[in-house]
Every structure is written in structure tokens, then in C-alpha cells.
Amino acid sequence: MSLKVLKFGGSSIGDAEALRRAAAIVRTELPAGGLVVVSALRGTTDSILGACTAAGQGDLASAQAVLEAIRSRHQDLAAELGHLQEVRPEWEPLFGRLEQVLTGMAMLGESTPRGRDGALAIGETLSAHLAARCFGGEFHEVRDVMKTDSRFGKARPQLGAIRHAAAPWLAALAKGPLWVTQGFLGSTPDGVTTTLGRGGSDTTATLLGEALNAEEVQIWTDVDGVLTADPSLVRGARPIPQMSLSEAEALSAFGAKVLHADSLAPGGRAGFRLVVANTLRPGASRTEILPVPPTRAAGTVTSVAYKEGIYLLRFPASAGLEPPMEAARSLEEAGALRFGLIASPAGTLLAVRPETHPAAEVLGTLAASGVICEAGWAVVALVGEGLRADPVAALRHLAALGHEPVGGLLTGSSTVSIAFLVPESRLGELIPRLHDRCVDCRDPSDGSAGLGLRLQP
Ligand code: ASP
Ligand code: MG
């Protein structure tokens, strides 16, 4: 049996119209059953986090006001869709639980990562119950399968345990039912709720795809697949019909928002097809991410990515290697992303982006201890299989920057990307310039897959 896993993000199930659209997609894509993963309704995760913060500061009244807003939004939506009676008994204990968690936080005057994960889980669980009703499927609890360690806030999936726990799902799904489950959530070996980090439900979908031997995983979002650049900065950005897993990895590592960086590894290991499609235009172009790279002309760039909010830590040569390595380790442990670690005889440069509150705290401690720590940087990356065959092209591409200040050149073991640091304030001008200096270059031997960009001479 060939299983398909579909994932809908918060904006794809944000209101009644969106949920009806999603239901139509489920009917089309999964006529013979399959698995659907959903995240919380748009904005819910942020609201719950806000409630936790208020509760942790002892402001239970504000926290409760948020809870009431979440409750009425969900109930209004369910009523509009005609499913309120069915979901009410499933939801009531969840609202009760959220109230308990928030009250506990307010009493302790503290919202711990563990407590926050417990609260956040409610957003995903509410929406999964409603989505199950809308799609005519059966709700199943993802925490039964998604086994993680106990790094609350950004838990690491335990692949062996997940595969083991997924065995009953594999057997049951082979019979062709339609199941709906939560994204983003996991549980420790002791059964305590964890989350995979913000935006983690793509990763849920691909990890389940791997554990369930899926043939295809579809990520449904609100753009026409993976684009050649961020459309909010580049008007001419366009979808990439097919791309390699390495390109997708480089792109998401360097900031393309459409796919979560952690979500790609399962496809690499399991070899399923990963598809990114647009809920608003299901028939429009989509991106297929394939384990075997499509042909690209030498020197072409497939996409331009960037990530803002980068901090640069500068260590003098006299400090040696141990302090920067130790800083990188503790920051990553706390949930920061590392964009570069360049050690030279002139000193060591570490580029990181704190993704979690604990990571920001570690950064603050380092700065307080005298480490030079500069905010306001961004990383820009050119990505393409074409760079493998013509690495010098990357330098020509770089030349397009002219006299732009470049804070560092980041080349890693990946040969499909080249990245550099620029001041955040320059992104708005720089990204369109880089993208627009590139032209279409279709490889005649492969019409669909040959979309690439090449710098104009
Ligand atoms: N609801 C979670 C978030 O907002 C997970 C996700 O959307 O993927 O981060
Ligand atoms: Mg998302």
C-alpha cells in the first residue's frame, strides 16, 4: 500500500473557508485514506505563549482573557462549520487543562519550558479534533508515536522509538482509513509533552512519513511551492517546479521560510517525494523535492535565501579555539541556529541566531562576560545544484554585490550553496538586486526541471 501524508499549517486551517478548502484537498489527494497532520489554528501558538508569559508574571487575569479568546474563536469556528456539538466533549477537557496549567504558572510566578510545552500542545490538539471532523477522519494522538528527548521547547525526535511506536499505525493505516493527528508535539519516554520547536509540524509530517514508509509527503501552505526568492522582497520571485533535497536543505538552512530546516532529513533517509503546494491554488505549480537532483546548467543559482536576526560573536586569536567552540555548543544546546564558525589565525567568528528564550539568555551571558557580540546581521545564501559543476560561478555571483559590505564568507561542506553576512538593514535592497541580476536559463534537455537563474554577464 502506498501511503500519503498531508500537512496543513495554521494559515491553511485558519478559518471556516480555509478548513473547507483543506477538506476538499484531502478528498482529492486521499480518496483511499491516509494521514493528515495539522498545526494549531493561525495565531493560536502565539496567543498561548502570550498567556504563559502573562501567567508566569503572575497576571492570571490577562492569561485567562487570552484563554477565553481562544475558546470563543474555536467554538465560533466549529459552530460555523456545523461541528460544535461533536467537538465540544473533546475540547472541554482541553480548555480545562489549559486553565489549570496557566493557573499553576501564575501561582508559581514562573512559566517553565516544560509547562509551556504542555500549554502549547492544547492548540494543536484543539485544531486536530476539529480538522478530523471537517475531513471526515479519525483523530489519533501523535504523542503516542512521536517520541523525543526532554529538551522542552525544541525536543529532539528519537527515531528508533518513533519507528517502534508507529508499528501499530503502519498496520492500521494499511487498511485505508483517514487519520488526522497533531503536528509539533512529542512526548518524552516518561510520557511528558514536548514540542519540536516553532514551525515543527512540517517535521512531524516528514518524520511520520519516514516511520510509516510513506511514498509521498505533501506540505500544504499558502505559497506556490518553494520560490526563487522571498516574494515579499522580490516581485519577480517564482516557483521552482523541481529541486533536489540538497538545494532544499541549503535553502531552509539559510532562511527560506516555506520549509522548516529539520523537516528535510527524513526524506533524505527514507527517499519519499516531498511536495510543497498552495492551499489557495491547489492546481497551481508546486515544488517537488526529489532525492535525485534534477539537471541544472553549470553555474546556475536556483534560489536566493536570507535569514535576519543573526548575531556575530568575535573571539580574538589569543582566546584560542576552546571558548568559541564552547560558546557554539552551549548556544546550540539552548536552541540557537549556527550559521557559521570561521576560525583563522586572525581570530574566530561565530554567527548564530537564537531561536529560543534560553538561547537568547546564553547569548546575554556571553556578552556580559566580555565576548564581543554584534546584533543586526543577516546571512544571504545563493543556492543551486549548478554551483557544484561551476563553483567559481559563486564568486561571480558575489561580485554582483559590488561594494556591499560583506561581513564574512560562509562555505560549508555543502557544495550547492554559498553564503555571506550583510547588515540586516541592507536586505531590502540587496535581495532583489541579487535575484534580478539573474536570468531564466532553461536547460533544453529538461524543460521542467531546468529552471535556474544565471547572473547576467
Ligand atoms: N503551531 C506551531 C507553531 O506555530 C507549529 C507549527 O505551526 O508548525 O510554531
Ligand atoms: Mg508552519
Side-chain angles (χ1 to χ4, degrees), residues 5-15 18-19 22 35-53 66-67 69-70 73-74 77 94 98 101 111 113 115-132 139 141-143 145-146 148 151-157 180-187 193-209 217-223 226 252 255-267 274 276-279 307 309 335 337 353-359:
V5 179
L6 270 57
K7 179 256 167 177
F8 293 94
S11 54
S12 307
I13 53 166
D15 54 35
L19 266 160
L35 178 62
V36 183
V37 175
V38 298
S39 41
L41 302 189
R42 180 181 45 225
T44 306
T45 301
D46 289 327
S47 301
I48 296 177
L49 277 177
C52 291
T53 305
V66 176
L67 168 63
I70 293 173
R73 172 174 177 211
H74 279 78
L77 180 57
L94 297 170
L98 184 53
V101 175
S111 90
R116 278 197 297 273
D117 279 359
L120 288 176
I122 290 160
E124 256 67 16
T125 310
L126 289 168
S127 66
H129 278 294
L130 178 60
F139 169 83
E141 173 58 62
V142 80
R143 283 168 283 189
V145 172
M146 193 53 57
T148 70
R151 185 170 74 176
F152 297 103
K154 199 162 191 338
R156 283 163 288 220
V180 179
T181 195
Q182 312 104 308
F184 183 48
L185 311 183
S187 68
T193 295
T194 56
T195 62
L196 303 180
R198 293 306 305 270
S201 37
D202 291 353
T203 307
T204 308
T206 57
L207 282 169
L208 290 174
V217 175
Q218 301 181 349
I219 306 290
W220 286 87
T221 172
D222 52 8
V223 290
V226 184
S252 55
K257 291 185 191 76
V258 60
L259 275 176
H260 197 281
D262 298 341
S263 69
L264 293 162
L274 182 59
V276 181
N278 190 347
T279 333
K307 193 98 170 179
L337 293 177
R353 183 176 202 267
E355 300 286 319
T356 61
H357 186 65

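Order of appearance sets the numbers: ligands from 1, and atoms from 1 within every ligand. Residues: numbered from 1 along the sequence shown. For the numbers below, each heavy atom of this structure counts, side chains included, while hydrogens, waters and symmetry mates do not.
Each of the atoms 1 (N), 2 (C), 3 (C), 4 (O) of ligand 1 lies under 4.0 Å from some heavy atom of Thr45. Close contacts of ligand 1 with Phe184, meaning ligand atoms under 4.0 Å from a residue heavy atom, involve 2 (C), 5 (C). For ligand 1 and Arg198, the ligand atoms under 4.0 Å from any heavy atom of the residue are 3 (C), 4 (O), 9 (O).
At least one N or O atom of Glu124 sits closer than 3.5 Å to an N or O atom of ligand 1. Checked against a 3.5 angstrom limit, the closest N/O atoms of Gly199 and ligand 1 fall inside it.
Thr206 places no side-chain N or O within 3.5 Å of a backbone atom of Pro266 that could act as its donor or acceptor partner.
Contacts of His260 with ligand 1, taken as heavy-atom pairs under 4.0 Å, are absent altogether. At a heavy-atom distance under 4.0 Å, only side-chain atoms of Ser39, from C-beta outward, approach ligand 1.
Counted by atom type alone, Thr193 and Arg143 present one or more donor-acceptor pairs between their side chains at under 3.5 Å.
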Candidate pair Arg151 and Arg156, rule side chain to side chain contact (heavy atoms under 4.5 Å, CB included), full reasoning: CA-CA 7 Å; Arg151 185 170 74 176; Arg156 283 163 288 220; 3.3 Å; yes

Check against side chain to side chain contact (heavy atoms under 4.5 Å, CB included), Phe184 and Val37: CA-CA 9 Å; Phe184 183 48; Val37 175; over 6 Å; no

Full working for side-chain hydrogen bond (donor to acceptor under 3.5 Å, both in side chains) between Thr195 and Asp117: CA-CA 6 Å; Thr195 62; Asp117 279 359; 2.8 Å; yes

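Between Arg42 and Asp222 there is no salt bridge, since no side-chain nitrogen of the basic residue lies less than 4.0 Å from a carboxylate oxygen of the acidic one.
Distances from ligand 1 to the non-hydrogen atoms of Gly183 include no value under 4.0 Å.
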